[in-house]
There are 2 protein chains.
Amino acid sequence: MTSKQRAARQGNATIFDVAEQAGVSIKTVSRVVNNEPNVRESTRDKVLEAVERLRYLPNVAARSLSGRRSRVLGLVYGSPDEFSYMKDVLDGALSACEERDYSLLLRPLTLPNAELVEQVERFITQARVEGVVLPAPMGDLPDLQRLLRRLETPFAAITPKVATAGQVTILCEEQAASCSLTEFLIERGHRAIGFIKGDPDHGATAKRFAGYRQALAKHGIRYRGRLVRQGYFNFDSGKAAAAELLNLPQMPTAIVASNDDMAAGTLLAARQRGLAIPEDLSVAGFDDAPLASRLWPPLTTVRQPIREMAKTAAGLLMDRLNGNATEPPVVPFACEIVVRESTT
Amino acid sequence: MTSKQRAARQGNATIFDVAEQAGVSIKTVSRVVNNEPNVRESTRDKVLEAVERLRYLPNVAARSLSGRRSRVLGLVYGSPDEFSYMKDVLDGALSACEERDYSLLLRPLTLPNAELVEQVERFITQARVEGVVLPAPMGDLPDLQRLLRRLETPFAAITPKVATAGQVTILCEEQAASCSLTEFLIERGHRAIGFIKGDPDHGATAKRFAGYRQALAKHGIRYRGRLVRQGYFNFDSGKAAAAELLNLPQMPTAIVASNDDMAAGTLLAARQRGLAIPEDLSVAGFDDAPLASRLWPPLTTVRQPIREMAKTAAGLLMDRLNGNATEPPVVPFACEIVVRESTT
DNA sequence: CAATCAAATGACAACGTTGTCAAGCCGGGG
DNA sequence: CCCCGGCTTGACAACGTTGTCATTTGATTG
């Protein structure tokens, strides 16, 4: 059986088949396929033609085994995380990987998790993951960062914090956005503005809260702790927190929830008290999840270009892995306020 | 440098290190690690101890290259698909893969797509994907099925159709569920029941519609085509279709939408006409997306155990790949009606 | 025209595992 | 006591690619 027949039968030609077809050595084929320099133009053409004809695709396992490079990126995320967020992260990361011919391996994690370090270490060493993308709030876990540094595995964190020295950091200006959102309400006459915080373990929580306080301070409005409640980025906690705020002797005229799911909970709590939105209460969220535009009334919220952020994160990470280190690796992204009908 | 030192430095021991440590050959280590028979108990213990001590993890690339097996499963999905659905599919498939030490590679596809076959072929051959999981509606694409058969790549389809002879088929009894849902409304006195169909390219669309008609027939209610509108499984199409139904001279007293997103659109259309839900109009959806419980009023809908279905799909697929073919590979799953407040 | 040097190409080992096949070991039957 | 056969074990090739280094080629220079 000739190699050509073998290729046809198995549906995948090897580098030997291409070399034979093009009348060169396998090493030259390798050079052409990997865009290495020092190949004569005519030779390159011959090889590319053979590649084309045989529909040759390099075997990733052999590549990974031979070279140092596995061409695999890892994506570590919290499995119960809001999924519209993860969808965008996934889309962005995958599209970056596709451009550079990388694979993306997923590692969902349930938090909190005592075995986190062990699980991720296993994930990285076994699959020879070259680099890891950490969408928020994964970049905020000190244990994880320490592990990645120990394994000398570069990573790209999407996070509102800037603590990841030396690593790719995709920064969303959440504090500024939260401040703008709060100001938007202040400018429309609101003075008693409630705020529902997110999960304390997420870096975004502090930033969004800081933006709220910053806006109050800027406009000389006294901060009142009783207008602030703790939530956990989910519907039920938002509903409960909102119910408390609406029970206050002096009910706020507006509530900012730290994400859309909690804003949806706020809407429900308001409805249960017979309040009209936005006439009796303005409500704003964060994230511009698909949910936001499906609710009634549609939510005023803050949109982050998550997909682009994730694509940039993965892209810069791969650039670094390949030595094209474009400094500085800290890239800020701006958020945008989306005004809908839940606010007056 | 001894192999032990090398292992310590690089963070990953090889099979040689383990063999040396345990005083056996690499082949014996391989046998132990892969749970192959015919290894003396005492030998097995020695090896396992060495594995433990060196924190040995087999190199997936070498495994893939050497054996026929890549231990990689592919998940082909439509990238704009409803993502709560994909989240469950992903969760389920990943958890099955984790149990069996497989990796899962994702291949999102935008449909319709002329290059579909080429893209998937590349995906499968390059990464040496052993088998493919096809969540609905991917299992309904004839081109894709033909390709997979040509590549001799087994697959597991999650679909309401039963057309995938010889392959793992995870069946959701959507017609029965749709029938029950419609009957639920009929039993509560509704006679003029509108129906919003889904995307014609999805297998689920026909099944859900058939269930609706079945229920009408069963209760002697005449089918009226004007009460049925075409939608495309998204919010806007649902809203438009509902608006048409609500404009009818004889407005339906209930509307069944083929998924929750279209039901959300229906809610909005009803609100814009000043209708009270469920007093003036009952609305029901399909899928029990997170959205369903966040809307007002919360949606009556149909829940499918998607996560379990995907886990079973991936699990059975891997069992087949490993020769543990437990026939028959057609597994039906029942749906469940979730009654909430959008129906009277 | 020979010497020199850079560019182009190739031979071969290495990557870490599994598959194949042969060999060693051990107990039981003739 | 020897032989047989099954359980254990090991030696070695193979998987398909890249890295290293040597060799060939071709042009340039003295």
Side-chain angles (χ1 to χ4, degrees), chain A residues 1 3 6-7 10-47 50-51 54-72 101 125-128 130 322, chain B residues 3 6-7 10-47 51 54-72 101 103 125-128 130 322-323:
Chain A
M1 182 173 66
S3 58
R6 177 158 42 80
Q10 296 197 352
N12 38 44
T14 74
I15 200 170
F16 287 94
D17 303 320
V18 177
E20 185 180 310
Q21 176 89 192
V24 298
S25 74
I26 57 167
K27 184 61 213 186
T28 297
V29 175
S30 175
R31 287 195 182 92
V32 171
V33 169
N34 292 287
N35 269 313
E36 285 172 29
N38 298 337
V39 179
R40 203 194 313 268
E41 198 58 33
S42 60
T43 309
R44 189 178 296 272
D45 290 344
K46 266 194 307 186
V47 172
V51 165
L54 295 174
R55 320 194 75 208
Y56 167 69
L57 292 173
N59 180 312
V60 291
R63 269 193 165 165
S64 168
L65 183 58
S66 172
R68 290 255 152 40
R69 322 265 312 283
S70 63
R71 300 190 84 81
V72 170
D101 220 21
T125 54
Q126 190 155 17
R128 299 293 191 273
E130 287 182 32
N322 298 331
Chain B
S3 59
R6 178 156 42 81
Q10 296 197 350
N12 38 43
T14 73
I15 200 170
F16 286 95
D17 303 320
V18 177
E20 184 181 313
Q21 176 88 194
V24 298
S25 74
I26 58 169
K27 183 63 212 182
T28 298
V29 176
S30 175
R31 288 195 181 92
V32 172
V33 169
N34 292 286
N35 270 312
E36 285 172 29
N38 300 335
V39 178
R40 203 194 311 269
E41 198 59 34
S42 60
T43 309
R44 189 178 297 273
D45 290 345
K46 267 193 307 184
V47 172
V51 164
L54 295 175
R55 321 194 72 209
Y56 167 70
L57 292 172
N59 180 311
V60 291
R63 267 192 166 166
S64 167
L65 183 58
S66 172
R68 291 257 152 36
R69 322 263 312 280
S70 63
R71 301 190 84 82
V72 170
D101 219 22
S103 293
T125 54
Q126 190 156 19
R128 299 293 191 273
E130 287 182 31
N322 298 331

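Chain letters run A, B, ... following the sequence lines, proteins first and then strands; every chain starts at 1.
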Just the rounded figure in Å: distance from [atom2] of [N] to [atom1] of [X].
{"X": "A/L65", "N": "C/dC15", "atom1": "CG", "atom2": "C1'", "answer": "4 Å"}
{"X": "A/N38", "N": "D/dT20", "atom1": "CG", "atom2": "C1'", "answer": "15 Å"}
{"X": "A/R71", "N": "D/dG16", "atom1": "CZ", "atom2": "P", "answer": "19 Å"}
{"X": "A/L57", "N": "D/dT17", "atom1": "CG", "atom2": "C1'", "answer": "14 Å"}
{"X": "B/N322", "N": "C/dT18", "atom1": "CG", "atom2": "P", "answer": "14 Å"}
{"X": "A/R40", "N": "C/dG10", "atom1": "CZ", "atom2": "P", "answer": "10 Å"}
{"X": "A/K27", "N": "D/dA22", "atom1": "NZ", "atom2": "P", "answer": "15 Å"}
{"X": "B/R44", "N": "D/dC7", "atom1": "CZ", "atom2": "P", "answer": "14 Å"}

Checklist entry - With a non-hydrogen cut-off below 4.0 angstrom, is A/S64 in contact with a base, only sugar-phosphate, or nothing? => result nothing
Given [options], the nucleotide with the shortest approach to the side chain of [X]:
{"X": "A/S66", "options": "D/dC12, C/dA14, D/dT9", "answer": "C/dA14"}
{"X": "A/I15", "options": "C/dT18, C/dG16, D/dT18", "answer": "D/dT18"}
{"X": "A/V24", "options": "D/dT9, C/dT17, C/dG10", "answer": "C/dG10"}
{"X": "B/E36", "options": "D/dG16, C/dG19, C/dG16", "answer": "C/dG19"}

Would a distance-only check, ignoring hydrogens and angles, find a side-chain to backbone donor-acceptor pair under 3.5 Å from [X] to [Y]?
{"X": "A/S64", "Y": "B/A61", "value": "no"}
{"X": "B/R71", "Y": "B/S103", "value": "no"}
{"X": "B/N34", "Y": "B/S30", "value": "yes"}

Next on the checklist: Regarding C/dG19, can its base be found pairing with the side chain of B/R31 as donor and acceptor, where the two atoms are less than 3.5 Å apart?
Outcome noted: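 Side chain to base: no pair present.
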Checklist entry - Quick one: the side chain of B/R69 and the base of C/dG19, do they pair up donor-acceptor inside 3.5 Å? => result no
Checklist entry - At their closest point, which heavy atom of A/Y56 faces which heavy atom of A/I15, and how far apart are they? => result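 Shortest heavy-atom contact: CE1-N, 3.5 Å.
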Checklist entry - Which comes earlier along DNA chain D counting from the 5' end, the contact point of B/E41 or that of A/S30, where each point is its nearest nucleotide? => result B/E41
Checklist entry - Closest nucleotide of DNA chain D for B/T28 versus for A/N59: which of these residues is on the 5' side? => result B/T28
Item to check | Residues A/V72, A/E130; criterion side-chain contact (heavy atoms from CB on, under 4.5 Å); working and verdict | outcome: CA-CA 6 Å; A/V72 170; A/E130 287 182 32; 5.9 Å; no
